[in-house]
Amino acid sequence: MEIKVRNVCPVAVSKVDRLAKEKGLSRQAFLKEQIETLSIMEEVEKQEQAIDDLYDRTIETIQRCSDAMTNMDRTFNKLFGEDNEE
């Protein structure tokens, strides 16, 4: 598919040309890459948020498990007379 953009600020075009040159790309290839990246950014951000949420839930679960293990250890020590709490 073809896209045409008119009346772009010359300063912006110069910057695009410089960025494209730094990446070893033509203006067209650079802009194509940027448009394709832009088109998926919302989905990438949603996935990043889902990963962050999963990370937070995992940390909370690990903390709850650690707390439960500590409580079980204390109970075990009390039951068997090995109360060595610091």
Sequence neighbours excluded and cut-off under 3.5 Å, please list the side-chain donor-acceptor pairs for residues 51-58, or say none.
residue	atom	partner	partner atom	Å
D53	OD1	Q49	NE2	2.9
T58	OG1	L54	O	2.8

Quick check: does any side chain N or O of D73 sit under 3.5 Å from a backbone N or O of M69, one acting as donor and the other as acceptor?
no
Can you give me the closest heavy-atom contact between A20 and S26, atom names plus distance?
CB-O, 3.7 Å
Value for CD (Q63) from CG (D67), rounded to nearest 0.5 Å, stands at 4.5 Å
Mind checking the CD1-CZ spacing from I59 to R64? Nearest 0.5 Å is all I need.
11.5 Å
Just wondering, more than 12 heavy atoms not from E22 lying within 6.0 Å of its CD?
yes
Drop me the distance from M72's CE to R74's CZ, to the nearest 0.5 angstrom.
12.5 Å
List the steps, then state whether side chain to side chain contact (heavy atoms under 4.5 Å, CB included) holds for E33 with K23.
CA-CA 11 Å; E33 182 180 277; K23 291 183 91 175; 2.4 Å; yes
Between atom CG of L38 and atom CG of L31, what is the distance when rounded to the nearest 0.5 Å?
11.5 Å
Find the distance between CE (M1) and NZ (K32) and round it off to the nearest 0.5 Å.
13.5 Å
Looking only at non-hydrogen atoms, find the nearest pair between L19 and F30 and report the distance.
CB-CZ, 3.6 Å
Please answer whether the main-chain N or O of I62 pairs with a side-chain N or O of S66 as donor and acceptor at a distance below 3.5 Å.
no
Rounded to the nearest 0.5 angstrom, the CD-CD distance for E2 and Q28 is 9.5 Å
